[in-house]
Amino acid sequence: MSNLYSLKAQLPAVFISKSQIESRVNTLAEEIKDFYLSQDDFDNESIIVIGVLKGAFIFTADLIRALKLPTQLEFVRIASYGDSTKSDGILNIPDLVLPNNIINKHILIVEDIVDTGKTAGFLKQYIQDQFNPKSLKLASLLSKPSRREVEIEPDFYGFEIEDKFVIGYGLDFGERYRELDYLGILNES
Ligand code: 5GP
């Protein structure tokens with residue numbers, strides 16, 4: 001028992017709560033759905049949703065369930081932080097294999113956070129070049145505009161935040177905290 005208590009004492013304070021996330025993800029899904037339904041060439045085909053691992057896995061799972069449109073789910077794995085809280089700008093791309101049947105479709109990239117913009121910028125360009133999509137959009141749970149180094153903005157985002165290192169709801173620090181059902185800020189407990 002004492003172990004559980006001390007673990008609880010170490011939990012980061014709530015920055016964005018579970019219910020705030022839930023409600024924002026639902027309205028975001030509505031916005032995204034409206035966009036696709038307004039496309040002349042949309043015809044209720046599957047949207048290709050590409051989640052960026054590992055950080056976006058929970059957001060992607062919640063978003064596709066709230067979207068209530070047919071989707072084909074793919075994941076790519078890209079990492080730039082390692083164990084630190086500042087990106088060194090070097091992208092590590094262990095798994096960027098995508099199937100050929102996503103050529104010329106409506107594609108939605110789902111990111112956890114757009115920080116410097118390097119990951120999203122790279123991925124958008126790569127997908128545009130390789131798969132010639134009918135539309136290519138970027139949805140991000142979070143956006144940190146003050147850190148931007150690459151000219152890119154998410155087409156849809158949940159929350160705009162200042163330059164703080166956020167953890168929880170899929171986002172980690174050194175592979176910890178992904179399981180928290182809320183967003184906290186590292187070292188602000
Ligand atoms: P970029 O700098 O390329 O926009 O962001 C790359 C990745 O860095 C994000 O997808 C995310 O995984 C990670 N990252 C950026 N800011 C934060 C943050 O505040 N917290 C966590 N846990 N990861 C972050």
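Numbering of residues begins at 1 and proceeds along the displayed sequence. Whatever order the structure lists them in is the order used to number ligands and atoms, beginning at 1.
Not one N or O on the side chain of Arg176 forms a donor-acceptor pair closer than 3.5 Å with the backbone of Asp172. Under a 3.5 Å cut-off, the side chain of Arg148 and the backbone N or O of Val114 do form a donor-acceptor pair. Here the side chain of Ser17 pairs a donor or acceptor atom with the backbone of Gln20 at under 3.5 angstrom.
The closest side-chain donor-acceptor pair between Asn26 and Glu30, if any, does not fall under 3.5 angstrom.
Using a 30° and 60° split on the angle between ring planes, Tyr169 and Phe59 fall in the tilted class, from 30° to 60°. Ring geometry for His106 versus Phe42: interplanar angle over 60°, hence perpendicular rather than tilted (30 to 60°).
When each atom of ligand 1 is checked for a heavy atom of Asp172 under 4.0 Å away, the hits are 21 (C), 22 (N). The atoms of ligand 1 that sit less than 4.0 Å from any heavy atom of Lys164 are 19 (O). Which parts of ligand 1 touch Lys118 is read off a 4.0 Å heavy-atom cut-off, strictly below it: atoms 3 (O), 4 (O). Less than 4.0 angstrom separates some heavy atom of Glu111 from each of these atoms of ligand 1: 10 (O). Of all atoms in ligand 1, numbered sequentially from 1 with element shown, those under 4.0 Å from a heavy atom of Thr119 are 1 (P), 3 (O), 5 (O), 6 (C). Interface atoms of ligand 1 facing Asp112, defined by a heavy-atom separation under 4.0 Å, are 9 (C), 10 (O), 11 (C), 12 (O).
Counting heavy atoms closer than 4.0 Å to ligand 1, residue Arg147 contributes nothing at all.
For the atom pair CD1 (Ile32) and CG (Leu108), the distance works out to 5.5 Å, reported to the nearest 0.5 Å.
Under a 4.0 Å heavy-atom criterion, Lys144 is in contact with ligand 1. The shortest separation from a heavy atom of Ala120 to ligand 1 is not under 4.0 Å, leaving the residue out of contact.
Within the set Phe165, Phe173, Phe122, the minimum heavy-atom distance to atom 21 (C) of ligand 1 is found for Phe165.
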